[in-house]
Amino acid sequence: MSKIQRGVSLYSFQEEMFLGQMSVEDVVAFASSIGAKGIEILPEQNMPTFPHIDDAEVARWQEMLARHGAHFTCYDMFLDTKLRKGETLSDAEQVESIRRDLVLCNRLGIRNMRVLIFVRPDILEKCVPYAEELDVHMGVEVHAPWHLEHAWILRTIDVADRLGTKHLGILPDMGVFMKHYPPEFRARFERQGARPEVAQFIVDQHEQKIMCEYTIYEVAVKMGGNKAEIAMAETLRHAPYANPKRIKDYAPWFRHIQAKFYGITEDCTDPAIAYEDVIPELVKCGWEGTLSSEYEGNRWIQDVVPVDSREQVRRQHVMFERLIARAEAQREIV
């Protein structure tokens, strides 16, 4: 039986929550109804009084989760380094801000905290004693254009290894496994004026994993690309395809996954992110943690159709169940 759990990030429903069509409790109830009982929270977005959260508010959240048979999985922190115009927070102030988040994370009963990728490893090193005391794992988000083997990410792993701590590591965003160019991206750029033949060229270049700067040059200079075409080519800077087979090498350093996606087809497959390659690797190495839906397709389709985050997230979890079951069956045969 797989130890992989399923959940959702509240960020997946940003469209409906912004428009007042869904409340946080609506999202929790829906997630639980599809078996995705792990809830990833963005306190700055989901808790109106943040960072001033009293015990009554903590209790309200815990009672709400309990009503729906759900539980917290991850706390997404943000480090506002430019609170004052013209200067950056001092190192001590950054550490104190992170400590504040660790304390709230602990009070909410959450054991995983997503750390923004730009937070320096030496700052996180100073936070490790607080993370250990509060029993919260700080996972640096591995987000495109960075990847699992990027030097910046390896620096964080080096710090964790040197300190011998289990409370610092990484947290992969599945956007680093973009095997194919998302159809939602292409359609949006074509609506904005990209010529179909230029769009196809960009898609083909991504399919061949051509260095993105070459493609941008070809489109902007040689093909005389218009604004939409150049913008489409520039998205390739944030469309890496990491090797899924390397996941096992980094699994000891992560406990949670942000399961990024832009659109799931009616037959419940992802045409862009390589989940069919990633999930078998997670099962094979016995990874324990939560696949947390992070739907970001809304911004690519909201100009032409109503956004239905419920349906998209539902389809992703049908896909997760199928891929996990298949990988488990294959592992048993082996």
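Predicted model only: the values in this text are computed from it and were never measured.
Side-chain contact, S9 with E294: no donor N or O sits under 3.5 Å from an acceptor N or O. Q205 and T215 share a donor-acceptor pair across their side chains, judged by distance under 3.5 Å alone. A donor-acceptor contact closer than 3.5 angstrom links the side chains of Q200 and D204. The closest side-chain donor-acceptor pair between E40 and H256 falls under 3.5 angstrom. A donor-acceptor contact closer than 3.5 angstrom is absent between the side chains of S309 and Q312.
Note that CG of L171 and SG of C74 are 5.5 Å apart. Values are rounded to the nearest 0.5 Å. The distance from the CD atom of Q192 to the CG atom of D303 is 7.0 Å, given to the nearest 0.5 Å. One finds the CD1 atom of I257 at 9.0 Å from the OG1 atom of T290 (value rounded to the nearest 0.5 Å).
When atom types are taken as modelled, the side chain of S32 and the backbone of H68 share a donor-acceptor pair closer than 3.5 angstrom. Remark: the backbone N or O of A259 is not paired with any side-chain donor or acceptor of D173 at under 3.5 angstrom. N106 places no side-chain N or O within 3.5 Å of a backbone atom of L102 that could act as its donor or acceptor partner. Within the 3.5 Å criterion, the main-chain N or O of F254 finds a donor-acceptor partner in the side chain of W287.
Here the rule is salt bridge (charged side-chain N to carboxylate O under 4.0 Å, His left out) with E281, and of K245, K248, R246 only K245 fits it.
Grouping the Ile, Leu, Val, Met, Phe, Trp and Tyr side chains by contacts below 4.5 angstrom, directly or via other members, places V198 apart from I216. Taking hydrophobic clusters as Ile, Leu, Val, Met, Phe, Trp and Tyr residues chained together by side-chain heavy-atom distances below 4.5 Å, V219 does not share a cluster with Y214. M211 and I230 fall into different hydrophobic clusters, where Ile, Leu, Val, Met, Phe, Trp and Tyr residues are linked whenever their side-chain heavy atoms come under 4.5 Å apart, directly or through other members. L89 is not connected to L124 by any chain of hydrophobic side-chain contacts under 4.5 Å among Ile, Leu, Val, Met, Phe, Trp and Tyr, and they are in different clusters. V28 and F18 are assigned to two separate hydrophobic clusters, defined by single-linkage of ILVMFWY side chains at heavy-atom distances under 4.5 Å.
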Quiz item: So R315 and T269, side-chain contact (heavy atoms from CB on, under 4.5 Å) or not? Walk me through it.
Solution: CA-CA 8 Å; R315 291 179 186 180; T269 60; over 6 Å; no

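Side-chain contact check for Y130 versus I98: every heavy-atom pair is 4.5 Å or farther apart. Using a 4.5 Å heavy-atom threshold, the side chains of K260 and F177 count as separate. With contacts defined as side-chain heavy-atom distances shorter than 4.5 Å, the pair R111/D135 qualifies. Residues V318 and R314 meet the side-chain proximity criterion, which asks for heavy atoms closer than 4.5 Å. Here the side chains of M232 and E229 are not in contact, with every heavy-atom distance at 4.5 Å or above. Annotation: side chain of D91 is in contact with side chain of K126 (closest heavy-atom distance under 4.5 Å).
In terms of heavy atoms, L42 sits closest to D76 at CG-OD2, 3.7 Å. Nearest heavy-atom pair, E190 versus P196, reported as atom, atom and distance to 0.1 Å: OE2-CA, 3.5 Å. Nearest heavy atom pair, residue S293 against residue S12, reads O-OG, 2.8 Å. Nearest heavy-atom pair across L10 and V27 is CD2-CG1, 3.5 Å. For P271 against G263, the heavy-atom pair with the smallest separation is CD-O, 3.3 Å.
Every residue meeting the side-chain contact (heavy atoms from CB on, under 4.5 Å) condition with V128, not counting sequence neighbours, appears here in chain and number order: E132, M138, L163, T165, L168. Taking S23 as the reference, E25, D26 meet the side-chain contact (heavy atoms from CB on, under 4.5 Å) condition, with sequence neighbours excluded. Remark: F50 pairs with P43, E44, M47, I53, Y75, R100, D101, L104 by the side-chain contact (heavy atoms from CB on, under 4.5 Å) rule, at least two apart or across chains.
Taking the six-membered ring where the residue is Trp, Y250 and W253 present tilted rings, their angle falling between 30° and 60°. Taking the six-membered ring for Trp and thresholds of 30 and 60 degrees, F30 and F13 have ring planes more than 60 degrees apart, a perpendicular arrangement.
A cation-pi geometry, defined here as NZ or CZ lying under 6.0 Å from the six-membered ring centre and within 45° of its normal, holds between K209 and Y241.
Salt bridge status for E321 with R6: present, with a side-chain N to carboxylate O gap under 4.0 Å. E63 has no carboxylate O lying under 4.0 Å from a charged side-chain N of R60, or vice versa, which leaves the two without a salt bridge. Residues D55 and R107 are paired through a salt bridge, judged by an N-O separation under 4.0 Å between the basic side chain and the carboxylate. A salt bridge does not link R99 to E133: none of the charged side-chain nitrogens sits closer than 4.0 Å to a carboxylate oxygen. Ionic pairing of E125 and R162 is present here: one or more N-O contacts between side-chain nitrogen and carboxylate oxygen are shorter than 4.0 angstrom. For E184 and R188, the salt-bridge test fails: no basic side-chain N is under 4.0 Å from an acidic carboxylate O. With respect to the salt-bridge test (charged N to carboxylate O, under 4.0 angstrom), the residues R310 and D308 do not qualify.
Between F261 and Y275, the gap from one ring centroid to the other reaches at least 6.0 Å. Checked against the 6.0 Å centroid threshold, W152 and F118 do not count as a close aromatic pair.
Residue E266 qualifies as open at atom CD: its count of foreign heavy atoms under 6.0 Å is 12 or below.
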